Amino acid sequence: MNNPAPSLRAISCADDYDPNSMPVEKAREVIARFLTPVVATERVHVRAALGRVLAEDVISPLNVPAHDNSAMDGYAVRHADLKPEGEVTLDLTGSAFAGAPFKGAVGAGQCVRIMTGGVVPQGADTIVMQEHAKSDGERVTIGPGHRKGQNLRRAGEDLTAGQVALKRGLALRPAEIGLIASLGIGEIAVYRRLRVAFFSTGDELVSIGTQPEEGQIFDSNRYTLHGMLTRLGCEVSDLGVVRDDPRLLEKAFGDAAAAADVVITSGGVSVGEADFVKDLLNKLGEVVFWKIAMKPGRPLAYGKIGSAHFFGLPGNPVSVMVTFYEFVRDALLKLSGRDPVPPLPTFKVPCTSALKKAPGRTEFQRGVLERDSHGTWSVRVTGEQGSGILRSMSEANCFIILPTEQGNVSPGALVEVQVMESIV
Ligand code: AMP
Ligand code: MG
């Protein structure tokens, strides 16, 4: 089971960071120290394994390819029969098609018609493409210039029997599913799905289907969280909206922590609200409250409630998505058994917009990465960047990441972007 984790508060003190201005990197680093991946596994059919995480190495039971075979349609010949200069004419003695091998051997002065994937017959060591040969159906004439062993795929060239084909910790994509099937393996061991329970906090929230009264708004965070968690392959448990009431919240935290590996909430961690939730979480577990030096997404709580990990995300809908992408995503993948956790790719492109940015915190502005008619990529900002404007996330296809020390950005400057589509 879980190793005893070091105390969050002890680490906090030893690290001497400022919880009121926690750098993004530092927060990631502290969280990473507390993550112990799931160990339970289950066996699933290969077709049901899409997106699951391999719990053991897949060892190839066979050579791939299993036999020397032809990479081309043409003729299987003995290289020694060919002339370095000038033509030679060989007797055509049979054929080797994919799935229907030639039974005999190719003798001196002979050749065999072979199709792509056909097993190379005994005696032959070279494939001559059909475009480089003339056949009258009985005899085949071949010119000079052929290399011994050309157009042959060797047995075991891709994988040899006993070799690790796929490593534990890999999430299975269609390519891996196909590869496993190509080895004749029908069932594999994967880690059990990570169980994540989440709820929204706030007296102002109503769920869809309820008529909001004056001052009430529809809860959207549970829906974006549901989507992001599902894409990450988690088993999700939606615990609804919980009022800002200590008794109800205590029960919700308790129920969630008992049922899940990870508890995620939104709202209730900003100044004022935090004090109240803080007392509660101090009672139930070990939780630290940080003000991350980032925008959006400043308040963030992280810790343990019993054996469950806890992420207290801010309430603003954009902040929820940004903090999820930047902190929760990596943590959930690590807990799910992914090893290594693939970093979110970032790269630099010119920014066509002027960006406002104050030094002192990392900003995650919402951007649209687009290609002009010459095929050149650039990024523009989505417009208003308020942390409540969920439409900015919907319009965006990337984050423009502006580092801590960065100030305003002039049009044409290179900025770092992180593509969203590949994130979850
Ligand atoms: P809080 O962090 O609870 O102070 O919330 C910050 C802002 O986010 C407030 O304007 C809330 O109304 C809004 N908010 C909080 N939770 C949600 C939610 N689940 N869906 C939509 N907006 C929310
Ligand atoms: Mg609130």
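Please read these numbers as outputs of a predicted model, since none were measured by experiment. Just so you know, ligand 1 is whichever comes first in the structure, and atom 1 is the first atom listed for that ligand. One-based numbering along the sequence shown.
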Check your understanding: Taking the side chain from Asp57 and the backbone from Arg168, do they hold a donor-acceptor pair closer than 3.5 Å?
Key -> yes

Practice item. Would you please classify the geometry between the Phe399 ring and the Phe364 ring as parallel, tilted or perpendicular, with 30° and 60° separating the classes? Key: perpendicular

Point to revise | Nearest neighbour in protein (non-hydrogen) for atom 18 (C) of ligand 1 | key: Asn221 ND2, 3.0 Å

Check your understanding: Should Leu159 and Leu183 count as side-chain neighbours, where that means a heavy-atom distance under 4.5 Å?
Key -> yes

Exercise for review: Compute whether any side-chain donor of one residue and acceptor of the other, for Ser392 and Glu395, lie under 3.5 angstrom apart.
Suggested key: no

Check your understanding: Under 4.0 Å from any heavy atom of Gly267, which atoms of ligand 1 are there?
Key -> 2 (O), 3 (O)

Practice item. Number the atoms of ligand 1 from 1 as they appear, then name those within less than 4.0 Å of a heavy atom of Glu204, with their elements. Key: 11 (C), 12 (O), 15 (C)

**Study point:** Identity and separation of the nearest protein heavy atom to atom 7 (C) of ligand 1
**Key:** Asn316 OD1, 3.4 Å

Practice item. Tell me, with the steps shown, if Leu335 and Val262 meet side chain to side chain contact (heavy atoms under 4.5 Å, CB included). Key: CA-CA 9 Å; Leu335 290 171; Val262 181; 3.7 Å; yes

Study note, to complete from the structure: Per-atom filter on ligand 1: closer than 4.0 angstrom to a heavy atom of Ser270 are 1 (P), 2 (O), 4 (O)

Review point. For Gln385 and Thr382, what are the C-alpha separation, side-chain angles and deciding distance, and is it a side-chain hydrogen bond (donor to acceptor under 3.5 Å, both in side chains)?
Key: CA-CA 7 Å; Gln385 293 289 310; Thr382 56; 3.0 Å; yes

Check your understanding: Do Phe324 and Phe311 make the cut of ring centroids closer than 6.0 angstrom?
Key -> no

Point to revise | Numbered atoms and elements of ligand 1 in range of Asp219, under 4.0 angstrom, heavy atoms | key: 18 (C), 19 (N), 20 (N)

Check your understanding: Any idea which protein heavy atom is nearest atom 22 (N) of ligand 1, and the distance to it?
Key -> Ile217 CD1, 3.5 Å

**Study point:** Atom indices of ligand 1, in the order listed, that fall short of 4.0 Å to a heavy atom of Gly268
**Key:** 1 (P), 2 (O), 3 (O)

Study note, to complete from the structure: If we number the atoms of ligand 1 from 1 as shown, the ones under 4.0 Å from a heavy atom of Ser200 are 19 (N)

Review point. Is there a donor-acceptor pair closer than 3.5 Å between any side-chain N or O of Gln365 and the backbone N or O of Lys356?
Key: yes

Practice item. Consider every N or O of Val269 and every N or O of ligand 1, then say whether any pair is closer than 3.5 Å. Key: no

Revision key, fill the gap. Of Gly388, Ser220, Gly312, Pro317, the one whose closest heavy atom lies nearest atom 20 (N) of ligand 1 is Ser220

Exercise for review: Please confirm whether the backbone N or O of Arg147 pairs with a side-chain atom of Gln150, one donor and one acceptor, at under 3.5 Å?
Suggested key: yes

Practice item. Give the residue, atom name and distance (to 0.1 Å) of the protein heavy atom nearest atom 23 (C) of ligand 1. Key: Gly315 O, 3.3 Å

Practice item. May I ask you to list the atoms of ligand 1 that are less than 4.0 angstrom from any heavy atom of Glu273? Key: 1 (P), 2 (O), 3 (O), 4 (O)

Review point. With respect to the Mg ion (ligand 2), what is the nearest N, O or S atom of Glu273?
Key: OE2

Point to revise | Within reach of ligand 1, part of Val241 (heavy-atom separation under 4.0 Å) | key: neither

Exercise for review: Check each atom of ligand 1 against the heavy atoms of Phe218 and keep those under 4.0 Å away; list them by number with element.
Suggested key: 20 (N), 21 (C)

**Study point:** Donor-acceptor pair, side chain of His79 and main chain of His146, under 3.5 angstrom
**Key:** yes

